[in-house]
Amino acid sequence: MPAKRDQDFFWEAVDRSELTAQQCSDCEKRRHPPAPACPHCGSQHFTISRLSGSGTIHSWIISCHPTLPDPNPKTVILVDLAEGLRFISNLIDAENIRIGAPVTVEFGEVNGRRLPLFRTVKNP
Ligand SMILES: [Zn+2]
């Protein structure tokens, strides 16, 4: 059995439609993306914390970089999650893009891989 990688817990949670992050066992700060040590105190001890999946759009771009097999432009968003983390993803309903717009996570398949995506929330 291959050794676990730092990010395995994250993708296993995505397969269960859960958004998670590491939480330092010493200073209790959450971190994302997954890393072997806490960027705040250097501790290598952590637990897995489930996130709400709620946040607001901090910034966004339309990515027109040609990719295969998905040649369509993507709306790439930087989300300020309710738990204080920033998360990069894609916005499903790009027509509603706005800095500060409330969003919630929604899991979907992209090129055969389950991913955490986001959708704007009308009345949070
Ligand atoms: Zn820490």
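Note: hydrogens, waters and symmetry copies are ignored here, and every other heavy atom, side chains too, is used. Quick caveat, the model's predicted, so the values are computed rather than measured. For ligands, and for the atoms within them, numbers begin at 1 and follow the listed sequence.
- By the 4.5 Å heavy-atom criterion applied to side chains, R113 and D15 are counted as neighbours.
- In this structure, CZ in R86 is found 12.5 Å from CD1 in I77, a value given to the nearest 0.5 Å.
- E28 is linked by a side chain to side chain contact (heavy atoms under 4.5 Å, CB included) to Q23, counting only residues two or more places apart in sequence or in another chain.
- Residues S52 and E83 meet the side-chain proximity criterion, which asks for heavy atoms closer than 4.5 Å.
- Shown here for I48 and Q22, the closest heavy-atom pair between the two residues is CD1-CG, 4.4 Å.
- Among V103, I92, V105, the single residue meeting the side chain to side chain contact (heavy atoms under 4.5 Å, CB included) criterion with L117 is I92.
- Protein-derived N/O/S atoms nearer than 2.8 Å to the Zn ion (ligand 1) total 4, waters excluded.
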